[in-house]
Amino acid sequence: MTQILSEIHLDYSDVLIRPKMGINLNSRKDVSLERVFKFKHGQLRTGLGIFNANMATVGDFAVAKKLLTRNMFATLHKHYSADEIGAFFDSCRKEGVSLDNLFVTIGLKNPDSEMQKLKDLETKYEWRHARNICIDAPNFYIQKALDVLMRARDEFPDSVIMAGNIASGDICLKLLDYADIIKCGIGSGSACLTRKQTGCGTPMVSLILECADIAHSVNGHICADGGIVDVGDICKAFCLNSDFVMIGGMFAGTDEAAGDLIEKHYETSEIIDGTHVIQTKYFKQYYGMSSEYANNKFAGGMGNYKTSEGRELLIPYTGTLDKILQDITGGIASCCTYIGAASVKHLSKCATIIRVNHQLNRVFEKYSV
Ligand code: 5GP
């Protein structure tokens, strides 16, 4: 008989963090956003645990460089060649940008050439011990994903390996035999159609709780991937004990994101000299990596056995990424002061999460200027 787990699984919009007394923090400036990560397979990295998604639109060089400059973590999408990545390494080195927190993504399609790409980076571009690897599979429950992970660990024993995505705790322990970070989240992404097309997925809050508990019991780490709508959601993920948070849509409207900038003209109701005033608005293209658009661009079409599990979107242009990163660091620091946490690392120890029926007051949202 099919089993139904009847306990409600919660998402970011179902919960809030309850403010409370903690250690005395007079200012957000007193909060430490940096954290030292000691990974299961022996490596250390330092920074604020924010990643850009390893998608073609936001896993690009400009976004990655900006995140690395701000002492965060970054991925590069899997469609860059070793030579392109090598040139990026050179430019970072020239500008003094550390590559320590950079993850290069590989896919499952052709494991031999993916391993070769990592080796080329190691030998030709001095990426010592192929430092950080992200293994990307929309569905890590398939055997091929585990095979590629095992091979990557075997060939790159010194690397930090992030693997995903998964959406249940049961698989975490198995993956953590080889991986350091498990990427959690299926169906939550803003450009994702998986839940609509397959009915599969898990809400993020319950998923983070479950996976963090299991991963941390064996010194593993998790990354909450997808579904970040507001900076408060990032704070919630950290409070729920996620070590990292991965962001796509929130970065996709920025100058640094790789999607095309699209200009659109709208006729307004205002009339000057007998003609309607035209307003110009700017958008950036953002598409899911399983969208028809991405399949056409990177995989030679959809094939006749697949359906699109991603959207192609035009989202409002938001200017420089710096502005968003400032919002993120400011919001996290402020969250720490609301619950008396001295650092990001302490958020989960200090947080009480409450389940709510109504999260935000949106009454005047459409009048925002
Ligand atoms: P966002 O921050 O935009 O809410 O979510 C980003 C995440 O959505 C990515 O890191 C990835 O896990 C997921 N994602 C990206 N493209 C697709 C897609 O085409 N289909 C699905 N199901 N998920 C996607």
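All ligand and atom numbering here is 1-based and tracks the order in the structure. Note that the numbering runs from 1 along the sequence shown for the chain. Note that these values count all heavy atoms, side chains included, but never hydrogens, waters or copies made by symmetry.
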Counting each atom of ligand 1 from 1 as listed, which ones have a heavy atom of [X] under 4.0 Å away?
| X | value |
| --- | --- |
| G227 | 1 (P), 4 (O) |
| G248 | 1 (P), 2 (O), 3 (O) |
| S190 | 1 (P), 3 (O), 4 (O), 5 (O) |
| S291 | 19 (O) |
| G226 | 4 (O), 5 (O) |
| M246 | 10 (O) |
| N165 | 12 (O) |
| A53 | 9 (C), 10 (O) |

More than 12 heavy atoms from other groups under 6.0 Å of [atom1] on [X]:
| X | atom1 | value |
| --- | --- | --- |
| I8 | CD1 | no |
| F364 | CZ | no |
| E34 | CD | yes |

Any N or O on [X] sitting closer than 3.5 Å to an N or O of ligand 1?
| X | value |
| --- | --- |
| G189 | no |
| G249 | yes |
| M289 | yes |
| N54 | no |

Next item on the list: List the steps and the verdict of side-chain hydrogen bond (donor to acceptor under 3.5 Å, both in side chains) for D112 and Q116.
Entry: CA-CA 6 Å; D112 288 341; Q116 191 55 49; over 6 Å; no
Check: With respect to atom 6 (C) of ligand 1, which of Y287, Y286, F251 exhibits the smallest heavy-atom separation?
Finding: Y286
Check: Where the closest heavy atom to atom 15 (C) of ligand 1 is concerned, which of R195, M55, E309 has it?
Finding: M55
Minimum-distance protein heavy atom relative to [atom]:
| atom | answer |
| --- | --- |
| atom 22 (N) of ligand 1 | T194 OG1, 2.6 Å |
| atom 21 (C) of ligand 1 | C192 SG, 3.3 Å |
| atom 11 (C) of ligand 1 | D225 OD2, 3.6 Å |
| atom 19 (O) of ligand 1 | S290 N, 2.6 Å |

Check: Roughly how far, to the nearest 0.5 Å, is the OG atom of S242 from the CG atom of L240?
Finding: 8.5 Å
Next item on the list: Look up atom CD1 in I182 and atom CG in N165, then write down how far apart they are to the nearest 0.5 Å.
Entry: 10.0 Å
Note to self: Students often mix this up, so state it plainly: with edges at 30° and 60°, are the rings of F298 and H77 parallel, tilted or perpendicular?
What the structure shows: tilted
Notebook entry, point to check: Can L313 be reached from I247 by stepping across I, L, V, M, F, W or Y side chains whose heavy atoms are under 4.5 Å apart?
Noted result: yes
Centroid separation [X] to [Y] less than 6.0 Å:
| X | Y | result |
| --- | --- | --- |
| Y317 | F283 | no |
| F73 | F37 | yes |
| Y80 | F88 | no |

Note to self: Does the protein come close to atom 13 (C) of ligand 1 - that is, does one of its heavy atoms sit below 4.0 Å from that atom?
What the structure shows: no
Checklist line | Cation-pi, Y338 ring and K20 (6.0 angstrom, 45 degrees) | finding: no
Next item on the list: Measure the distances from the heavy atoms of P138 to every atom of ligand 1 and state whether one is below 4.0 angstrom.
Entry: no
Check: For G187, is the nearest heavy atom under 4.0 Å from an atom of ligand 1?
Finding: no
Next item on the list: Output yes when a side-chain donor or acceptor of E114 lies under 3.5 Å from a complementary backbone atom of G107, and no otherwise.
Entry: yes
